[in-house]
Amino acid sequence: MKDIEVDPQRRTVRAGAGVTIGELDEETQKHELATPMGVVSETGIAGLTLNGGIGHLRRKHGTSSDNLLSVDMVTADGRVLTASEEENADLFWAVRGGGGNFGVITSFEYRLHPVGPEVMCAFVFYPGDRTKEVLRSAVEYVAEAPDEVSPLSFLGRVPRVEDFPEEWHGEQFVAFLAVYAGSVEEGEEALKPLRELGDPIVDFSGPMPYAEVQKLLDEDYPDGWRYYWKSVNVNGLDDGVIEALIEHAEAAPSDHSTVDIWFQGGAVGRVGADESAFGDRSAPILLGIEANWEEEPHEDEANIAWARGCYSDMRRFSSGGVYLNFPGFLEEGQALMREAYGENYGRLVALKNQYDPTNLFRLNQNIKPTA
Ligand SMILES: Cc1cc2nc3c(=O)[nH]c(=O)nc-3n(C[C@H](O)[C@H](O)[C@H](O)COP(=O)(O)OP(=O)(O)OC[C@H]3O[C@@H](n4cnc5c(N)ncnc54)[C@H](O)[C@@H]3O)c2cc1C
């Protein structure tokens, strides 16, 4: 399912469910257009969109699911139908955040926006011992930043590769990755403050093709490694949160693990909680907790325990809410599903009862039918 049809006049794209982000960007960028997707090009568009989808364009253009115009799908009883605002609107509401619970999606139609082909990208690493000051300044910066900027920050250890000065290998860092969703000239100005938060270990920033920016992190996730990720919304990035993040980042058993700070707001925050299944968007920060380790099954326990420990601890700064694209194993079961969907949970169960009462689609972040 790899078909991709761009309509540059209507600024839409229809893509088969087997398409990856990189494949989609490649086709839409031929017309200097893009729809918001995640930040690693090898990810599939399907799962990502069905649970939201956040990336470099999120504060300007929203989540991937916010840009959906329609889907074609097969329901549990074998019907083939289209869901959009006009047709089967209840299912259209449900698939924008409700994951794979309501049917097999065969194709996705998205709204496109002018992006690139070149964009300004800030990608800069600072020493870990400056994390507190750097993150405090970043919070002030984001409060004033235009929606064109959607920074992602991460704490981790400097990779032992030649792109980084050898004396820093294995040391803690705090990094920023952000694109300016507008002209390169405006972007150079707008992103400058993120590059001037101190003396960087290394600054990879510069104008680059949008399709290349989307691949910048690909090599950090080799096939065959082991991964266990969790997420939690937090109410801000005050000193308590920053100190806890530093502590957890330093305690990671693997050099490849990171804690990620997704600055939200902008277009993501302007969609009402009941407008799609995705739910509440009021949290200003989403934390991603990424345990990433090499092909060593005997290290599973320590790495999974680290991610779980960090997640449970950071919940003290949260009013609830997790992101179901980084769920880890949902050991909390339906309680966490209820928390993720908030007020929308009841409506999702009612739709599950209507469209999939036997829970045929259950190998997912499952919304259990009660029928
Ligand atoms: C390296 C990496 C980077 C990532 N970066 C980001 C990021 O920047 N932003 C972000 O938001 N997320 C990110 N994610 C998380 C990503 O959104 C999820 O892993 C998502 O599930 C990927 O979708 P997929 O189609 O590749 O997954 P799959 O494993 O194929 O599917 C996951 C689930 O989605 C459902 N599903 C998939 N296809 C269909 C379909 N056609 N019809 C119905 N249900 C379906 C099913 O429930 C399935 O179990 C990243 C993940 C990885 C591994």
Side-chain angles (χ1 to χ4, degrees), residues 1-3 15-25 35-59 62-68 71-76 80-81 83 91 94-108 150-154 177-179 213-231 256-258 260-264 268 277-278 281 286-292 322-330 337 340 352 355-356 359-367:
M1 293 184 169
K2 289 284 192 188
D3 287 349
V19 165
T20 62
I21 294 176
E23 291 161 348
L24 188 69
D25 285 334
T35 198
M37 284 286 152
V39 300
V40 175
S41 80
E42 293 156 355
T43 318
I45 63 166
L48 176 125
T49 302
L50 292 169
N51 278 120
I54 51 171
H56 295 309
L57 305 179
R58 67 191 180 283
R59 280 166 42 94
T63 64
S64 308
S65 60
D66 295 338
N67 286 275
L68 264 186
V71 294
D72 289 329
M73 62 193 288
V74 185
T75 52
V80 178
L81 51 81
L91 276 175
V95 298
R96 285 174 295 151
N101 276 284
F102 297 94
V104 176
I105 313 298
T106 54
S107 74
F108 296 80
S150 306
L152 170 62
S153 177
F154 38 104
L177 176 57
V179 160
V213 176
Q214 288 285 83
K215 294 180 183 158
L216 277 177
L217 301 178
D218 284 12
E219 65 187 31
D220 294 337
Y221 304 99
D223 290 348
W225 279 19
R226 303 170 81 78
Y227 304 95
Y228 183 92
W229 297 3
K230 293 189 85 72
S231 68
H256 308 298
S257 295
T258 56
D260 308 336
I261 302 164
W262 296 80
F263 291 89
Q264 303 284 54
V268 173
F278 186 82
R281 293 135 177 270
L286 171 72
L287 297 179
I289 301 154
E290 291 189 23
N292 307 323
V322 298
Y323 179 44
L324 291 176
N325 268 332
F326 311 142
F329 174 65
L330 288 175
M337 295 298 285
K352 186 76 174 169
Y355 287 100
D356 186 15
N359 208 5
L360 179 68
F361 303 119
R362 62 185 173 278
L363 301 177
N364 47 30
Q365 271 63 272
N366 194 226
I367 296 162

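Just so you know, ligand 1 is whichever comes first in the structure, and atom 1 is the first atom listed for that ligand. When reading the values below, keep in mind they use all heavy atoms of this one structure, side chains included, and skip hydrogens, waters and symmetry mates.
- In this model, a donor atom of one side chain and an acceptor atom of the other lie less than 3.5 Å apart for Asp72 and Ser107.
- Using cut-offs of 30° and 60° for the angle between ring planes, the Tyr227 and Tyr221 rings count as tilted.
- The side-chain contact (heavy atoms from CB on, under 4.5 Å) with Met37 is formed by just one residue from the set Thr20, Thr63, Leu24; it is Leu24.
- Partners of Tyr355 according to the ring pair (Phe, Tyr, Trp, His ring centres under 6.0 Å) rule, which considers only residues two or more places apart in sequence or in another chain, do not exist here.
- Protein residues having a heavy atom under 4.0 Å from any atom of ligand 1 are Ala17, Gly38, Val39, Val40, Thr43, Gly44, Ala46, Gly47, Leu48, Leu50, Gly53, Ile54, Gly100, Gly103, Val104, Ile105, Tyr221, Trp229, Trp262, Tyr323, Asn325, Phe326, Leu363, Asn364, listed by chain and number.
- Taking 4.5 Å as the limit, some side-chain heavy atom of Arg58 sits within range of a side-chain heavy atom of Trp262.
- When side chains are defined from C-beta on, Leu177 counts as touching His56, because their heavy atoms get closer than 4.5 Å.
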